[in-house]
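Input: a single structure, listed below in structure tokens.
Index from 1, following the sequence. Values in this document were obtained by computation on a predicted structure and should not be read as measured data.
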Amino acid sequence: PDSHPSLWLPSPLEDDTVRAMRYTRLLATLFACLTASTSAQSADPTSLLSPAEPLFVFEEASNQEIELALPFGSQDTQHLTFGSMVAPDFKGHVDVSIHGQYTYFVVDDFEVGVEAALWGFFQDDNTAGLSTSLVMRYHFFQAERWSAFAEAGMGLMVAGDDVPDTGTSFNLMPRLGAGVTWQLSEDSSTRLISGLRWHHISNARIKGEEDNPARDAPGLYVGLMHSF
């Protein structure tokens, strides 16, 4: 063996060949791993490394979910309400209205808004009228799908004839009452709203006591309240 060292020591040519084969196998392995990683990212769209799903998209979706999850009555939420009211004074006179409201929660559970209404006054001389009102509601009790509230407001009304019959065509319409809201379904943004309020019509004696007969009646109302 000592006289033939080439039989057990690799030649320089053999060292280069082995080294080249090792480098080739290493490059092939790295390429295979890279290909497998790319395929896995394409198959999993939720991967944080996937170019199809950048990180900011997930953050935006999370913000939208938080916004949609805001409970009813949260500050800065807005609602449109459309409904109707009937108010008999038990003296043969009935006032009926169709109204629309816009309300805004200035703080949690307290909303302020405006209302416009079309009226029909069924009295000795039937007539129609229009009103606009400031409305306020405080939702003092909140459950999973319903709330209870107290309300107050003040309105101005103009009619085509005197209301009541011996009064004036221009009147004030203060209100006080209470009611409830009920979410129509678990994921719905629409609620049923209903309540009972003190319905009052008078001209605040702008033409003297004799021309201010006034009218008082319980007003029962119902409507649909939609958040947006």
Side-chain angles (χ1 to χ4, degrees), residues 67-90 93-121 128-159 163-164 167-184 188-206 212 214-228:
E67 182 177 354
L68 292 176
L70 286 176
F72 173 77
S74 297
Q75 183 178 359
D76 295 331
T77 55
Q78 306 172 75
H79 294 82
L80 283 178
T81 302
F82 297 95
S84 181
M85 188 186 80
V86 57
D89 69 354
F90 304 109
H93 310 134
V94 180
D95 300 339
V96 178
S97 73
I98 299 174
H99 62 264
Q101 292 180 358
Y102 164 80
T103 55
Y104 177 83
F105 279 89
V106 293
V107 295
D108 287 350
D109 300 325
F110 181 71
E111 57 181 328
V112 177
V114 292
E115 175 189 281
L118 173 65
W119 290 88
F121 301 104
L130 296 171
S131 71
T132 181
S133 303
L134 172 69
V135 297
M136 296 176 290
R137 281 193 290 263
Y138 173 59
H139 297 259
F140 57 85
F141 180 81
Q142 289 271 13
E144 184 176 356
R145 290 181 56 185
W146 68 279
S147 71
F149 63 85
E151 68 166 354
M154 174 62 72
L156 301 175
M157 184 271 291
V158 176
V163 180
T168 56
S169 60
F170 172 80
N171 288 279
L172 302 179
M173 303 181 76
R175 66 176 71 178
L176 286 173
V180 295
T181 70
W182 175 263
Q183 187 180 17
L184 295 184
S188 176
S189 59
T190 301
R191 287 179 169 242
L192 178 71
I193 180 171
S194 183
L196 185 67
R197 71 168 63 116
W198 168 53
H199 169 65
H200 178 76
I201 298 176
S202 71
N203 59 28
R205 301 183 178 88
I206 58 176
N212 185 38
R215 177 176 293 163
D216 292 283
L220 178 63
Y221 62 93
V222 65
L224 292 176
M225 187 178 194
H226 180 72
S227 64
F228 66 98

Fill in: Step-by-step side chain to side chain contact (heavy atoms under 4.5 Å, CB included) determination, Glu151 to Glu111
CA-CA 10 Å; Glu151 68 166 354; Glu111 57 181 328; over 6 Å; no
Practice prompt. Quick one: do Asp109 and Tyr138 satisfy side chain to side chain contact (heavy atoms under 4.5 Å, CB included)? Show the steps, please.
Written response: CA-CA 6 Å; Asp109 300 325; Tyr138 173 59; 4.1 Å; yes
Practice prompt. Test side chain to side chain contact (heavy atoms under 4.5 Å, CB included) on Ile201 and Met157 and set out the steps.
Written response: CA-CA 9 Å; Ile201 298 176; Met157 184 271 291; 4.0 Å; yes
Item to complete: Tell me, with the steps shown, if Asn203 and Phe170 meet side chain to side chain contact (heavy atoms under 4.5 Å, CB included).
Response: CA-CA 7 Å; Asn203 59 28; Phe170 172 80; 5.6 Å; no
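Checked against Thr103 for a side chain to side chain contact (heavy atoms under 4.5 Å, CB included), the options Met136, Met225, Glu115 give a single hit: Met225. The ring pair (Phe, Tyr, Trp, His ring centres under 6.0 Å) test with His199 is passed by exactly one of Phe121, Tyr221, Trp119: Trp119. Ile193 pairs in a side chain to side chain contact (heavy atoms under 4.5 Å, CB included) with only one of the listed residues (Val222, Leu224, Thr181), which is Thr181.
Contact of the Arg145 side chain with the Trp182 side chain is registered, since non-hydrogen atoms from C-beta on lie closer than 4.5 Å. Using a 4.5 Å heavy-atom cutoff, the side chains of Pro218 and Leu196 are in contact. Residues Ser227 and Thr77 fail the side-chain proximity criterion, which asks for heavy atoms closer than 4.5 Å. Between Leu184 and Thr190, some side-chain heavy-atom pair lies under the 4.5 Å cut-off. The closest side-chain heavy-atom distance from Val112 to Val135 is not below 4.5 Å. In this structure the side chain of Phe141 never reaches within 4.5 angstrom of the side chain of Phe149, judged on heavy atoms. No side-chain heavy atom of Leu220 sits less than 4.5 Å from a side-chain heavy atom of Met85. The closest side-chain heavy-atom distance from Ser189 to His226 is below 4.5 Å.
Crowding of Ile206 atom CD1: a count of heavy atoms from other residues, nucleotides or ligands under 6.0 Å exceeding 12.
Of the possible donor and acceptor atoms, none in the side chain of Ser97 sits under 3.5 Å from a partner among the backbone N and O of Ser84. For the pair Asp108 (side chain) and Gln75 (backbone), a donor-acceptor distance under 3.5 Å is present. A distance-only check finds no donor-acceptor pair linking the side chain of Arg215 to the backbone of Pro164 [under 3.5 Å].
A distance of 8.5 Å separates CG of Asn171 from NE2 of His200, quoted to the nearest 0.5 Å.
Side-chain atoms of Thr81 and His79 form no donor-acceptor pair, as typed in the model, at a separation below 3.5 Å.
Checked against the 6.0 Å centroid threshold, His139 and Phe105 count as a close aromatic pair.
Of all the heavy atoms in Ala152 and Leu176, the pair that sits closest is CB-CD2, 3.7 Å. Taking every heavy atom of both residues into account, Leu192 and Gly223 meet most closely at CD1-O, 3.4 Å. Shortest non-hydrogen contact noted between Ala87 and Gly219 is CB-CA, 3.9 Å. Here the shortest heavy-atom pairing between Asn212 and Ala204 reads OD1-N, 3.9 Å.
Ring geometry, Tyr102 versus Phe228: the interplanar angle falls from 30° to 60°, so the pair is classed tilted.
Geometric assessment of Arg191 against the ring of Phe72 yields a positive cation-pi assignment under the 6.0 Å and 45° thresholds.
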